[in-house]
Amino acid sequence: MQEFTKFPTKTGRRSLSRSISQSSTDSYSSAASYTDSSDDEVSPREKQQTNSKGSSNFCVKNIKQAEFGRREIEIAEQDMSALISLRKRAQGEKPLAGAKIVGCTHITAQTAVLIETLCALGAQCRWSACNIYSTQNEVAAALAEAGVAVFAWKGESEDDFWWCIDRCVNVDGWQANMILDDGGDLTHWVYKKYPNVFKKIRGIVEESVTGVHRLYQLSKAGKLCVPAMNVNDSVTKQKFDNLYCCRESILDGLKRTTDVMFGGKQVVVCGYGEVGKGCCAALKALGAIVYVTEIDPICALQACMDGFRVVKLSEVIRQVDVVITCTGNKNVVTREHLDRMKNSCIVCNMGHSNTEIDVTSLRTPELTWERVRSQVDHVIWPDGKRVVLLAEGRLLNLSCSTVPTFVLSITATTQALALIELYNAPEGRYKQDVYLLPKKMDEYVASLHLPSFDAHLTELTDDQAKYLGLNKNGPFKPNYYRY
Ligand SMILES: NC(=O)c1ccc[n+]([C@@H]2O[C@H](COP(=O)([O-])OP(=O)(O)OC[C@H]3O[C@@H](n4cnc5c(N)ncnc54)[C@H](O)[C@@H]3O)[C@@H](O)[C@H]2O)c1
């Protein structure tokens, strides 16, 4: 309850007509973070802080935590060897020399490795957080100590959130020429407040579903005035973040919040896309009895071939112990389903939006809500039945568990390559439109994460390579039909 109430209320002055996006309130929680918003009640905006070199070009919770943050970054670097190897390969060449990148992403140990890579490749960076809860304060301090202009802390108010973004964009004598965004809030701010900045911007790299959606809307309306790279839909993101990351983090999120044992439990997973496939595989491996609901016959058939029973939600809703939504759709679990669930049924969402479960329909006078743990609510019916609702229907893994560093490394490497590509592209290669990362880059990201792959290629005889259409001495050529 304490943790719940210390979250800031969104009462800050609204500088824009829209509120901060859903993605800016879903957070990657960090088990490693030892700081929280209650360790010092003075707002960082009121504090005068300088790093050891005398610079005060940052605003973080407490610069004194820099040493601890540095250790967190070093731990993250160990499972981000691809990004580090990109840093080593390219730092002589400095492909981002002259780039002035304004960024708005989660500020965690893993994104710090990305930011420091961009700096090593020649860029100047100014950074704010795309989420008011997810900043690792000690990591932000370490970045500030290393000279990055970072404006972020855990537990920002909405007003702080926009203030931090503004401090990154609106600077005397410094103008951004690249944007790296996660959720689209930074891009939106620049459009609304500083449209002239776009005269110098060479491109936007966007990572999230929400942000990409906004970019396509801008493009459709003819208002996108620079090229943008959609990292969200790149093969490396779809396969690794959606599939493998969810395969690992679904169990983590459920275990941390409920201590549930999965062996023999009946679980229904709604949606058998990338996220659903990952969740089902993990649950099956632990001995759960898994049902799948689908609307797409191909995905339904895949679920069937993978050994899952494809059902209608209404058929199994009375008997299941856990319900997980992964559809990207809305109102998949309705009040009617919730009314029919059995006592202690756990309900959670792994899809992007918090509308997959109709949580609003549970806010009625006859139902009692009891917060039993951080991110865990018991919703109690008049007859005493309890439904266990996790993270109020927001993304379970981003709200309640950590995300594997290796997966974040793949996304971060993709973002770095997208920035390099847009920054160095010759005039005319990209127009004012939204682009997917060129396939070659997806291949490069994958091969960087698989240093032993060359060894497999050398095992091929020349004859075999020719038969498969592979060039043993050229770049790795994947079989796209496998995707
Ligand atoms: N939790 C995470 O870490 C994470 C990571 C990546 C993506 N996501 C989000 O998860 C969601 C799913 O992503 P994906 O890559 O699996 O998408 P996808 O399009 O591959 O899969 C979604 C599936 O849900 C099915 N579906 C749609 N409506 C349905 C309904 N009413 N009932 C049953 N099935 C239905 C679709 O037919 C589709 O097969 C998206 O919102 C995405 O943004 C979450």
Side-chain angles (χ1 to χ4, degrees), residues 21-23 26-29 106 108 110 131 134 182-184 206-214 230-254 257 268-282 290-306 308-317 323-334 336-337 348-358 375 390-391 393-408 410-411 414 483:
S21 67
Q22 176 61 40
S23 59
D26 284 335
S27 77
Y28 285 91
S29 59
H106 295 283
T108 60
Q110 292 85 0
N131 182 293
S134 67
D182 182 347
E206 171 58 57
E207 128 123 58
S208 76
V209 186
T210 326
V212 162
H213 182 67
R214 287 173 169 184
N230 166 359
V231 168
N232 178 64
D233 292 310
S234 62
V235 175
T236 40
K237 165 90 178 16
Q238 290 287 323
K239 284 288 164 189
F240 294 91
D241 194 351
N242 300 26
L243 178 66
Y244 300 120
C245 175
C246 291
R247 190 176 73 181
E248 304 238 350
S249 52
I250 178 67
L251 302 177
D252 190 3
L254 281 165
T257 46
V268 61
V269 175
C270 304
Y272 199 68
E274 300 297 338
V275 174
K277 285 182 176 76
C279 292
C280 287
V290 183
Y291 302 103
V292 167
T293 72
E294 248 302 339
I295 52 157
D296 177 330
I298 295 176
C299 294
L301 183 58
Q302 283 183 314
C304 204
M305 294 295 109
D306 291 339
F308 301 107
R309 253 195 70 199
V310 181
V311 294
K312 288 198 177 108
L313 189 54
S314 55
E315 271 175 49
V316 291
I317 199 70
V323 179
I324 303 167
T325 53
C326 332
T327 68
N329 204 340
K330 67 175 192 177
N331 289 341
V332 177
V333 174
T334 63
E336 204 188 322
H337 294 127
C348 64
N349 168 45
M350 286 287 283
H352 175 77
S353 130
N354 61 349
T355 50
E356 295 214 20
I357 302 162
D358 188 4
Q375 309 281 8
L390 304 183
R394 287 178 285 113
L395 280 99
L396 176 74
N397 57 343
L398 296 200
S399 308
C400 307
S401 70
T402 56
V403 175
T405 296
F406 189 79
V407 169
L408 297 174
I410 292 175
T411 308
T414 312
Y483 303 141

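None of these values were measured; they are calculated from a predicted model. Whatever order the structure lists ligands and atoms in, that order sets their numbers, starting from 1. No hydrogens, no waters, no symmetry mates; every other heavy atom, side chains included, goes into these values.
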Could you measure the distance from the [atom1] atom of [X] to the [atom2] atom of [Y]? Nearest 0.5 Å is fine.
| X | Y | atom1 | atom2 | result |
| --- | --- | --- | --- | --- |
| Ile357 | Thr325 | CD1 | OG1 | 4.0 Å |
| Lys239 | Lys277 | NZ | NZ | 7.0 Å |
| Asp252 | Cys246 | CG | SG | 12.0 Å |

Which atoms of ligand 1 have any heavy atom of [X] under 4.0 Å away?
| X | value |
| --- | --- |
| Thr293 | 33 (C), 34 (N) |
| Asp296 | 37 (O) |
| Cys246 | 1 (N), 2 (C), 3 (O), 4 (C), 5 (C) |
| Leu395 | 1 (N), 2 (C), 44 (C) |
| Cys299 | 39 (O) |
| Gly328 | 11 (C), 40 (C), 41 (O) |

Which heavy atom of the protein is the closest neighbour of [atom], given with residue, atom name and distance?
| atom | value |
| --- | --- |
| atom 11 (C) of ligand 1 | Gly351 CA, 3.7 Å |
| atom 21 (O) of ligand 1 | Gly273 CA, 3.2 Å |
| atom 9 (C) of ligand 1 | His352 N, 3.4 Å |
| atom 22 (C) of ligand 1 | Thr327 O, 3.5 Å |
| atom 15 (O) of ligand 1 | Asn242 ND2, 2.8 Å |
| atom 44 (C) of ligand 1 | Met350 O, 3.1 Å |
| atom 8 (N) of ligand 1 | Val275 CG2, 3.7 Å |
| atom 12 (C) of ligand 1 | Cys326 O, 3.6 Å |

(Q) If you take the nearest heavy atom of each of Asn329, Thr325, Asp241, which one is closest to atom 28 (N) of ligand 1? (A)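 Nearest option to atom 28 (N) of ligand 1, by heavy atoms: Asn329.
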Q: Could you pull out, from Glu356, Glu294, Gln238, the option with a heavy atom nearest to atom 37 (O) of ligand 1?
A: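 Considering heavy atoms of Glu356, Glu294, Gln238, the nearest to atom 37 (O) of ligand 1 sits in Glu294.
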**Q.** Under 3.5 Å side-chain donor-acceptor pair for Thr334 and Glu336
**A.**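 Absent: no donor and acceptor within the cut-off.
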(Q) With a heavy-atom distance limit of 4.0 Å, tell me whether Val209 approaches ligand 1 through its side chain, its backbone, both, or neither. (A)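 The part of Val209 near ligand 1 is the side chain, not the backbone.
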Q) Using a heavy-atom cut-off of under 4.0 Å, does the side chain or the backbone of Asn397 touch ligand 1, or both, or neither? A)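 Near ligand 1, Asn397 shows its side chain, while the N, CA, C and O stay back.
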Please indicate whether any nitrogen or oxygen in [X] is less than 3.5 Å from any nitrogen or oxygen in ligand 1.
| X | result |
| --- | --- |
| Lys237 | no |
| Gly276 | no |
| Cys270 | no |

Taking all non-hydrogen atoms of both residues into account, name the closest pair between [X] and [Y] and its distance.
| X | Y | answer |
| --- | --- | --- |
| Cys400 | Gln375 | SG-CB, 3.6 Å |
| Cys348 | Leu254 | SG-CD2, 4.1 Å |
| Ala303 | Val310 | CB-CG2, 3.9 Å |
| Met350 | Leu395 | O-CD2, 3.9 Å |
| Gly183 | Arg214 | O-NH1, 3.1 Å |
| Asp296 | Glu294 | N-OE1, 2.9 Å |

Q: Report yes or no: does Glu356 contribute a side-chain atom to a donor-acceptor pair with the main-chain N or O of Val333 at less than 3.5 Å?
A: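 Not a single qualifying donor-acceptor pair exists.
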(Q) Please check: side-chain N/O of Asp358 versus main-chain N/O of Asn331, any donor-acceptor pairing under 3.5 Å? (A)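 Judged by distance alone, no pair lies under 3.5 Å.
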Q) Short check: is a protein heavy atom less than 4.0 Å from atom 17 (O) of ligand 1? A)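 No; the ligand atom in question lacks any protein heavy-atom contact below 4.0 Å.
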Q) Can you tell if the side chain of Asp306 reaches within under 4.5 Å of the side chain of Tyr272, non-hydrogen atoms only? A)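 Yes - at least one pair of side-chain heavy atoms lies under 4.5 Å apart.
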Q: Decide yes or no for His337 and Leu313: does some side-chain heavy atom of the first lie under 4.5 Å from some side-chain heavy atom of the second?
A: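 In short, these two side chains touch, coming nearer than 4.5 Å.
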Q) Does Cys245 have a non-hydrogen atom less than 4.0 Å from ligand 1? A)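 The answer is no, since Cys245 has no heavy atom less than 4.0 Å from ligand 1.
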